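These notes concern the structure reproduced below.
Lettering of chains follows the sequences in order, A, B, ..., and the numbering in each one begins at 1. Quantities reported herein were computed from a predicted structural model and do not represent experimental measurements.
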Amino acid sequence: MSTTSPRVLYWSRTDLRTHDSPALHAALSLQPPPARATRGARAVLPRLFEEWRITHLVFEKDTDSYAAERDKEIVELAKEAGVEVVVETGRTLWDPEEVVKAHGGKPTMSLSAFMKATKTLSDPSEPLPVPDSLPDPGELTLSFENEKPSDDYDLNEVHRCSHPDESYVGIRGPKDDFSVPTLEELGIPEPSVTTPHRGGESIALKNLADLLENKEYIATFQKPQTPPTAFEPASTTLLSPHLHFGSLSVRKFLYDVQRATEAYSGPKKASQPPTNLPGQLYFRDMYFAAQHAIGPAFAGTVGNPTTRYIPWHLPSSIPPSPTTPYTIDSPTAHAWFLRWAWGITGFPFVDALMRQLRQEGWIHHLGRHMVACFLTRGGAYVDWERGAEVFAELLLDHEPACNAGNWMWLSCTAFFAQYYRCYSPVAFGKKWDKSGDFVRRYVPELAAFPDKYIYEPHLAPEETQKKAGCVVKPLEEGILPDLGVAHAPPPPPGGDLLPLKSQHLGEKYYPSPMFDFAERRDFCIARMKEAYKAGLHGDDPRVLDGKARDELFGGLDDPDSNGDETGGGQEKDGSTLKRKRTSGSNAQGNLSGWLKKGRKD
DNA sequence: CGCCAGTTGGCCGG
DNA sequence: CCGGCCAACTGGCG
Ligand SMILES: Cc1cc2nc3c(=O)[nH]c(=O)nc-3n(C[C@H](O)[C@H](O)[C@H](O)COP(=O)(O)OP(=O)(O)OC[C@H]3O[C@@H](n4cnc5c(N)ncnc54)[C@H](O)[C@@H]3O)c2cc1C
């Protein structure tokens, strides 16, 4: 091999994007990684540069904060090794950096502003053709090995049947040919895979091609009119996981859709942004650009100038703390949060959506609206960051910018402000699915209930409940502590939570509603109004030092002071929202435990 | 400052 | 199935 011909290392990455969590960064500041990395990209790449006499390193630009920080280090290491670095943008239609520049350095907070900014930029480039062949890399000797992972940081522990140490496959992979290991080779047995959705480029391209066959569907797509209750098939493209993992190019998606739309000659009018399919891709880009303008603070409230401060229940600790990620100001609200996360709220539509999310890793956009509104401004009044953490763990398409951005939208803390428009778990479900097929599919214990009661089974007469084979009664004590953390990966550790079974007689039951929805909605809207009046944002000094809550919002109603049914431990907490130094989820195993297990590169 | 548009609410009356 | 009301928010722009 000649020393003058280039030796190019293409670094293909799939990051664990949960690493953008502020709590993780707090954890790392307490326990910094060793100055000289012993494993991961920081350790392996410099050695490969040397051993393979690399002249160029090529990778795709990533603007998420975890990746951006790491990539900065890698670029430094490459420079030291005399390796030239080539970085290309490919994850989004436009480079977030350029969009922000075109928008005067400000975050893009509305789609119209985003579209105006991108008008001044050149169109996204056409997707590139698939290469006919790849150069032969020659013999790839390897005189070193990645240090084996310790089990301190194993996100997948609950899924594994062997110690990560045993299943670790090394840099060359299990077949010694640098190929990607299978799940089995990683020590994860197939039955733990509960989702019907499958990854990979072949599947992504086939799914896109199938959708493009129906030109009318593509050309007239109107997002707000697509039912969130459709399943097999879903009413939207379900291509989001492929965009996330890179198994589908967002530029190919855009240009193929545009071509199919031009080719459509039917009677209907083509839809326009923001509701058409390109509009959906613009929203995605808009969140990436907004995130880029704000930086790591985009993942939460503290330090985020564009997001409103609201004195939610279960607020993130200030400063971020790995051992106490959030404060349990109200045990009742904590019980609501756990019940939401595991799909046992007693509101069938919410529960069906949360169970679909946990089992399959994807729910429709309007389903996400329903459950996000319900957890935050339209029901439980819980911090949107708690919801975002659960989504981050359960979504196949988890994308930090889109997740945080949409949670801010739904909680009316940024992007959207009409907090008096509130989703009802009964009315919104009925609007799309009168007979409740979606609920019957994902909450099968209710399958035999008559249509009339499918969204409110607790209103069914006892006789009807018995006939349907499932009684409705308050959630029994003692279930919540067994659930683990709310964002634990599926399936529940210890097996079958659902359907709930009465501890006494072992009979199947469905829980009655965890609160009076109308009462909670009115409560939330009133509180949102107050918080809007106070007008604090995430960068306010009173938010940064953690005093805003007590100083401005003390002496407010607390769910623990009335007799709401929770199914969790009821604990009188006084009438003020005092910050209690209870650990975020100590009783259930906590975020720090999860983080300790989650670190890998 | 005032105006207007903003993907996707619920409810009641016709 | 549609339209108006509810009570009223923001960002972006002139
Ligand atoms: C609380 C909440 C959290 C969310 N978290 C994520 C997330 O982590 N990752 C994610 O990709 N989307 C997220 N979304 C946005 C949206 O729900 C999903 O992108 C969409 O449901 C994916 O399904 P689809 O591919 O069938 O979408 P389609 O309707 O077919 O749209 C095509 C593509 O456009 C993009 N897109 C569509 N809507 C949005 C949107 N509102 N924001 C950003 N991109 C969008 C997606 O990449 C999607 O694949 C979230 C929405 C909410 C309300």
Side-chain angles (χ1 to χ4, degrees), chain A residues 100 102-120 220-230 234-237 240 269-287 289-290 293-294 305-310 347 349-350 353 363-374 376-379 402 405-434 455-456 516-522 524-538:
Chain A
V100 173
H103 193 240
K106 291 172 305 187
T108 44
M109 299 307 288
S110 69
L111 195 71
S112 42
F114 169 84
M115 287 179 66
K116 232 184 98 178
T118 52
K119 275 228 169 65
T120 68
T220 63
F221 184 93
Q222 280 188 279
K223 185 65 160 271
Q225 262 89 282
T226 58
T229 47
S235 61
T236 54
T237 67
S240 49
K269 245 177 70 186
S271 50
Q272 296 297 314
T275 59
N276 67 0
L277 276 169
Q280 306 313 301
L281 300 176
Y282 300 158
F283 272 111
R284 177 173 178 272
D285 258 53
M286 176 191 83
Y287 289 121
I294 288 162
T306 52
T307 200
R308 275 183 187 281
Y309 174 79
I310 311 275
F347 294 92
F349 189 39
V350 172
L353 287 161
I363 53 177
H364 183 278
H365 185 54
L366 291 180
R368 301 182 197 199
H369 274 225
M370 176 71 246
V371 299
C373 177
F374 184 86
T376 59
R377 67 178 168 90
C402 302
N406 278 290
W407 272 97
M408 286 184 247
W409 182 301
L410 264 297
S411 61
C412 290
T413 50
F415 299 102
F416 182 76
Q418 284 155 266
Y419 55 76
Y420 40 87
R421 291 197 181 167
C422 187
Y423 294 90
S424 151
V426 176
F428 196 62
K430 275 188 190 158
K431 170 177 169 173
W432 296 104
D433 183 10
K434 266 239 138 352
Y455 290 102
E456 295 168 291
D516 178 326
F517 173 73
E519 199 177 276
R520 289 300 305 173
R521 180 200 52 214
D522 294 347
C524 286
I525 291 175
R527 295 289 296 274
M528 292 298 289
K529 193 170 164 173
E530 287 167 28
Y532 263 63
K533 219 181 276 162
L536 298 191
H537 287 77

Under 4.0 Å between any heavy atoms, over every strand shown, what does [X] touch: base, sugar-phosphate, or nothing? Just pick one.
X        : result
A/Gln225 : nothing
A/Trp409 : base
A/Ser424 : sugar-phosphate

Mind checking the [atom1] distance from [N] to [M]? Whole angstroms is fine.
N      : M      : atom1 : result
B/dT7  : C/dC13 : P     : 14 Å
B/dA5  : C/dG4  : P     : 16 Å
C/dA8  : B/dG6  : C1'   : 13 Å
C/dT10 : B/dG10 : P     : 22 Å
B/dT8  : C/dG3  : P     : 15 Å

Please name the pair of heavy atoms, one in [X] and one in [Y], separated by the smallest distance, quoted to 0.1 Å.
X        : Y        : result
A/Arg377 : A/Tyr423 : NH2-CE1, 4.4 Å
A/Thr237 : A/Leu277 : CG2-CD2, 3.8 Å
A/Ala417 : A/Tyr532 : CA-OH, 3.4 Å
A/Ala414 : A/Met109 : CB-CE, 3.9 Å

Exercise. Any chance you could measure A/Phe349, atom CZ, to A/Lys431, atom NZ, to the nearest 0.5 Å?
Key: 10.5 Å
What is the separation between atom [atom1] on [X] and atom [atom2] on [N], rounded to the nearest whole Å?
X        : N     : atom1 : atom2 : value
A/Met286 : B/dT7 : CE    : C1'   : 11 Å
A/Met115 : B/dA5 : CE    : C1'   : 14 Å
A/Phe374 : B/dT8 : CZ    : C1'   : 19 Å
A/Met370 : B/dT8 : CE    : C1'   : 13 Å
A/Phe415 : B/dT8 : CZ    : C1'   : 17 Å
A/Gln272 : B/dA5 : CD    : C1'   : 17 Å
A/Gln280 : B/dT7 : CD    : P     : 11 Å
A/Lys430 : B/dG9 : NZ    : C1'   : 15 Å

Exercise. If the plane angle is over 60° it's perpendicular, under 30° parallel, otherwise tilted; pick one for A/Phe517 and A/Phe374.
Key: parallel
Quiz prompt | Pairwise side-chain contact, A/Arg308 with A/Cys412, heavy-atom cut-off 4.5 Å (strictly under) | solution = no
Self-check item: Contacts of A/Phe416 that satisfy ring pair (Phe, Tyr, Trp, His ring centres under 6.0 Å) - sequence neighbours left out
Solution: A/Trp409
Side-chain donor-acceptor pairs of residues 221-228 of chain A under 3.5 Å, sequence neighbours excluded:
from, atom 1, to, atom 2, distance (Å)
A/Lys223, NZ, A/Gln280, OE1, 2.8
A/Thr226, OG1, A/Lys223, O, 2.7
A/Thr226, OG1, A/His364, NE2, 2.8

Quiz item: Has the side chain of A/Tyr455 got a donor or acceptor atom that lies under 3.5 Å from a matching backbone atom of A/Gly429?
Solution: yes
Quiz prompt | A/Cys402 backbone acceptor or donor facing A/Arg284 side chain under 3.5 Å | solution = no
Self-check item: Range-with-range stems of DNA chain B (Watson-Crick or G-U pairs under 3.5 Å, three or more in a row)
Solution: B:1-6 with C:9-14, B:9-14 with C:1-6
Quiz item: How does protein reach along nucleotides 8-14 of chain C, written 5' to 3' as B (base within reach of a heavy atom under 4.0 Å), S (only sugar-phosphate), or - (no contact)?
Solution: BBS-SS-
Practice problem: Would you please name every residue forming a side chain to side chain contact (heavy atoms under 4.5 Å, CB included) with A/His103, sequence neighbours left out? | Solution: A/Lys106, A/Thr108, A/Ala113, A/Ala117
Please list, for nucleotides 12-14 of chain B, all pairs of protein and nucleotide N/O atoms separated by less than 3.5 Å.
none

